[in-house]
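The structure appears below as structure tokens.
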2 protein chains.
Amino acid sequence: MDFIEVCKALSNDTRLNIVKWLKNPTENFPPQGGCLNEPVDLKGGVCVSSIREKAGVSQSTVSNYLDMLQRSGLLLSERHGKWTYYRRNEEVIKELAEFIGKEL
Amino acid sequence: MDFIEVCKALSNDTRLNIVKWLKNPTENFPPQGGCLNEPVDLKGGVCVSSIREKAGVSQSTVSNYLDMLQRSGLLLSERHGKWTYYRRNEEVIKELAEFIGKEL
DNA sequence: TTATTATATCACGAAATCTCGATTTGTCAA
DNA sequence: TTGACAAATCGAGATTTCGTGATATAATAA
């Protein structure tokens, strides 16, 4: 985990909120995977357009934010058909808490 | 604690190192309070010029960094005569770890 | 008072980040 | 194959951050 990159990723209200919202996807976003007939294991993942709507920023901005959060390791993404579903990487978030508790 | 401001403050290698170094001041810096005859309770605080030397940046940069770290709450400062001694604010650092563990 | 030292503040150009609209790519359906 | 839609990438102007040298302030010493 690159702590500096994680800090940069979290140094923005919208990006911080995205990470928080994804802690409880069903509370914060509409049901996902709607259009697909096949049952897909989304593991709580949420598609870009749902996140964009909640965040109230442009499509390119949210795409950039999600990429940034993924590159920092905080989020994971999985593509199913037309949609890309993002979810939290709980292991990295746990690492982050441990880093602050021990290394910082 | 303003989490965003803390993240911004930690989004820089030198500033992150300063916070880490101040965890063990006696290991990382020369003895402090040397010129003063009066015994001063520095509580592990380190003066700006010692930090500047260790960090290898200009005086204005380190002063700016220390101000930023203090404004974020991560550091505390105390002036004694000509010197300003900076030390960690362990309570805020604990808050930070708790925030990540619970809120994030 | 004057000189010296420690730190803070100012002003600046360079580099990075922010956020957007436009365009491109990828996927599915007709 | 074409059209429609989701998401990623591109390009750009506005804002912020980076790090510096110069200057100002504050405290001590002579």
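Throughout, protein chains are lettered first and strands after them, A, B, ... in sequence-line order, and every chain is numbered starting at 1.
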Selection from [options] that lies nearest to any side-chain heavy atom of [X]:
| X | options | answer |
| --- | --- | --- |
| B/Lys82 | C/dA6, C/dT7, C/dG26 | C/dA6 |
| A/Thr61 | C/dC20, C/dC18, C/dT7 | C/dC20 |
| A/Arg15 | C/dC20, C/dC18, D/dG21 | C/dC18 |
| A/Arg79 | C/dC10, C/dT7, C/dG26 | C/dG26 |
| B/Ser60 | C/dC20, C/dT9, D/dA8 | C/dT9 |
| A/Ser63 | C/dC20, D/dT9, C/dT7 | D/dT9 |
| B/Thr84 | D/dA7, C/dA8, C/dC20 | C/dA8 |
| A/Cys47 | D/dA7, D/dC18, C/dT7 | D/dA7 |

Q) Does B/Asn64 or A/Thr14 map to a spot on DNA chain C nearer the 5' end, using the closest nucleotide for each? A)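 The residue closer to the strand's 5' end, by nearest nucleotide, is B/Asn64.
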Q) So which one's nearest nucleotide on DNA chain C is more toward 5', B/Val48 or A/Ser58? A)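 Between the two, 5'-proximity favours B/Val48.
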Q | Lys/Arg-Asp/Glu bridge criterion (N-O < 4.0 Å) met for B/Glu5, B/Lys8 | A |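 Yes, B/Glu5 and B/Lys8 are salt-bridged.
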Q: For A/Val57, answer base if it contacts any base atom (sugar-phosphate contacts may also be present), sugar-phosphate if it contacts only those atoms, and nothing otherwise; contact means non-hydrogen atoms under 4.0 Å.
A: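 Result for A/Val57 = sugar-phosphate.
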Q: Select base, sugar-phosphate, or nothing to describe what A/Asn12 touches, counting heavy atoms under 4.0 Å on all strands.
A: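 The residue A/Asn12 makes sugar-phosphate contact but no base contact.
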Q.
Using OP1 and OP2 only, check whether a side-chain N or O of B/Tyr86 sits under 4.0 Å from C/dA8.
A.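 Answer is yes, contact under 4.0 Å.
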Q) Within the pair A/Ser49 and D/dC5, is there a side-chain N or O less than 4.0 Å away from OP1 or OP2? A)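 For D/dC5, OP1/OP2 do not have a side-chain N/O of A/Ser49 under 4.0 Å.
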Q.
Take a 6.0 Å sphere around CD of A/Glu91 and say whether it holds more than 12 heavy atoms from other residues, nucleotides or ligands.
A.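 12 or below, so no.
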Q. Does atom CD of B/Glu53 have more than 12 heavy-atom neighbours, drawn from other residues, nucleotides or ligands, at distances under 6.0 Å?
A.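 No, CD of B/Glu53 has 12 or fewer neighbouring heavy atoms, counting only those of other groups under 6.0 Å.
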Can you measure [X] atom [atom1] to [N] atom [atom2] for me and round it to whole angstrom units?
| X | N | atom1 | atom2 | answer |
| --- | --- | --- | --- | --- |
| B/Leu66 | C/dT7 | CG | P | 10 Å |
| B/Glu5 | D/dT17 | CD | P | 8 Å |
| B/Glu53 | C/dT5 | CD | C1' | 15 Å |
| A/Leu69 | D/dA7 | CG | P | 16 Å |
| B/Met68 | C/dA8 | CE | C1' | 16 Å |
| B/Tyr85 | D/dA26 | OH | P | 19 Å |
| B/Trp83 | D/dA29 | CH2 | C1' | 11 Å |
| B/Arg71 | C/dT9 | CZ | C1' | 12 Å |

Q.
Would you say that B/Leu96 contacts A/Leu104 through its side chain, given a criterion of any heavy-atom pair below 4.5 Å between the two side chains?
A.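 When only atoms from C-beta onward are counted, A/Leu104 and B/Leu96 do touch, with a gap below 4.5 Å.
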(Q) Should the side chain of A/Gln59 and the base of D/dA6 be counted as holding a donor-acceptor pair, with the cut-off at 3.5 Å? (A)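 Not at all, since no donor on one side and acceptor on the other fall under 3.5 Å apart.
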Q | Side chain B/Asn17, main chain B/Asp13, donor-acceptor under 3.5 Å | A |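 Yes; judged by distance alone, with no hydrogens or angles, the pair exists.
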Q.
Please evaluate residues A/Thr14 and A/Val62 with respect to the criterion side chain to side chain contact (heavy atoms under 4.5 Å, CB included), reporting the C-alpha separation (whole Å), side-chain torsions for both, the decisive distance (0.1 Å), and the verdict.
A. CA-CA 9 Å; A/Thr14 304; A/Val62 84; over 6 Å; no
